Amino acid sequence: MKILVLPGDGIGPEITEATLAVLDRANAKFKLGLEWQMMDIGLKTLKSQGTTLPDAVMDAARKAPGIILGPVDHLQYPDREKGGINPSGELRVKLDLFANIRPAKSRMGVGLTGKPVDLVIFRECTEGFYADRNMFMGRGEFMPTPDVALAVRKVTARQCERITRVAFDWARQRRRKVTAVHKANVFHISDGLFLREVRKVAKEYPDVELDEKIVDAMAALLVRDPSRFDCIVTGNMFGDILSDEASEISGSLGLAGSTMAGDDACCAQAQHGSAPDIAGQDKANPTSLILSAAMLLEWLAARHKRPEFDKAAKAIDSAIDAALQSPDTRTPDLKGKLGTKAFGKHIAAAIG
Ligand code: NAD
């Protein structure tokens, strides 16, 4: 099975190298039969090929059984017409990777607020306000005059239903509670549609509790008492913001695994960005991408009925938990001593 690996920009190549060191070990130990197809994207190919996402990469992505995507520095990208395509947005739309699944777990006992965190955010990631992907043709934001900017938010019943279903299915494997996060007090129509679909799906899961929260209150409640949340379902922008908050509260943005998945494809993607402020310094925490890759292994296990992929994912997860117990085996964002490369080697060795 050949996994497509796209290291991306900034800290992307460093954390990808550390992730592959771990996966290579898991591959050998659990006889997964994985191979890596490495391809460049981002600022590197913008320079060499005039685009941040070459056609050959999209073709490979369509064929790949799974993808590992490093973070991309799309704030630096030029307009699409000049070659600046956001690879994650494009992959989400073209491969129908509508479900961005973002767990946040305090792996060192408690998180930054002194309280334990163990929740998963389910974020619809192909529509909402995200102008780079929410239109079939053209973009979801524009300027009718030089001093007026408009952004269009897209919400469809189909995507609301699909993401809600994913959240409820996961809840059945967890603590059987789903919190739907919205702003229907202001967006009566669009978030009203979201809530309509959530409530409809919830009726099919009488064994799972449904709770509803307005997004601003939710931001405060996550800090006050994260333990009251299990699975959180929401739209694109609220999910993007709340998942960074939840991960940071759990210990660090560098700890958060994430996949974007559809019915037929899955992409492991670190939750954080390309961290240009620490790129090239061997300081980045690769845990997010390593845990994302472990989530991809779980997805492949279910998809291809390969239990050894699940075993490998669990071994990676346990090795990360064990390493985070001591400052000697943490990265600098967690006041630890290990660099990116050394952390990857440590986790690989811990897998055995
Ligand atoms: P960021 O997530 O890159 O960084 C925010 C802060 O967290 C920085 O101080 C950074 O050093 C720190 N940080 C992030 N990841 C870390 C890690 N693994 N280890 C240790 N510290 C880490 O956010 P930003 O600086 O606002 O964005 C930089 C670029 O990334 C922008 O171009 C943005 O558009 C892009 N971005 C990409 C993705 C993605 O590819 N999925 C997601 C978010 C942002």
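When a ligand or atom number is given, it counts from 1 through the structure's own listing order. Here the structure is a predicted model, which is why all the values come from computation and not from measurement.
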Less than 4.0 angstrom from a charged side-chain N to a carboxylate O is my criterion; do [X] and [Y] meet it?
| X | Y | result |
| --- | --- | --- |
| Asp118 | Lys105 | no |
| Lys200 | Glu197 | yes |
| Lys283 | Asp333 | no |
| Asp96 | Arg162 | yes |
| Asp191 | Arg153 | yes |
| Arg80 | Asp132 | no |
| Lys314 | Asp317 | no |

Would you mind checking which non-hydrogen protein atom is closest to [atom], with the distance to 0.1 Å?
| atom | answer |
| --- | --- |
| atom 41 (N) of ligand 1 | Gln269 NE2, 3.2 Å |
| atom 36 (N) of ligand 1 | Gly273 CA, 3.4 Å |
| atom 18 (N) of ligand 1 | Asn285 O, 2.9 Å |
| atom 31 (C) of ligand 1 | Asp73 OD1, 3.4 Å |
| atom 34 (O) of ligand 1 | His74 CE1, 3.4 Å |
| atom 13 (N) of ligand 1 | Ala275 CB, 4.0 Å |
| atom 37 (C) of ligand 1 | Val72 O, 3.1 Å |
| atom 25 (O) of ligand 1 | Pro276 CD, 4.3 Å |

Can you check [atom]: any protein non-hydrogen atom closer than 4.0 Å?
| atom | answer |
| --- | --- |
| atom 9 (O) of ligand 1 | yes |
| atom 1 (P) of ligand 1 | yes |
| atom 6 (C) of ligand 1 | no |

- Which is closest to atom 11 (O) of ligand 1 by heavy-atom distance: Asp277, Asn100, Leu43? Asp277
- Any idea which of Glu248, His272, Lys283, Gln281 brings a heavy atom closest to atom 39 (C) of ligand 1? His272
- Message: Keeping Thr340 on the side-chain end and Ala284 on the backbone end, is there a donor-acceptor pair under 3.5 Å?
- Response: yes
- Message: Looking at Val57, is its backbone amide N or carbonyl O close enough to the side chain of Arg62 to form a donor-acceptor pair, meaning the two atoms are under 3.5 Å apart?
- Response: no
Just jot down the ligand 1 atoms closer than 4.0 angstrom to any heavy atom of [X], in number order.
| X | value |
| --- | --- |
| Ala284 | 19 (N) |
| Ile11 | 18 (N) |
| Pro71 | 40 (O) |
| Ile278 | 11 (O), 20 (C), 21 (N) |

Non-hydrogen atom of [X] closer than 4.0 Å to ligand 1:
| X | value |
| --- | --- |
| Asp244 | no |
| Ser274 | yes |
| Ser88 | no |

- Query: Taking heavy atoms and a distance under 4.0 Å, where does Leu75 meet ligand 1: side chain, backbone, both or neither?
  - Reply: both
- Query: Is the number of heavy atoms from other residues, nucleotides or ligands under 6.0 Å of Lys345 NZ greater than 12?
  - Reply: no
- Item | Stacked cation flag Arg123 on Tyr130, 6.0 angstrom / 45 deg | yes
- Task: Would you indicate whether the side-chain heavy atoms of Glu127 and Asn236 approach each other to under 4.5 Å?
- Result: no
- Note on the structure: By side-chain hydrogen bond (donor to acceptor under 3.5 Å, both in side chains), Arg175 pairs with (sequence neighbours left out) none
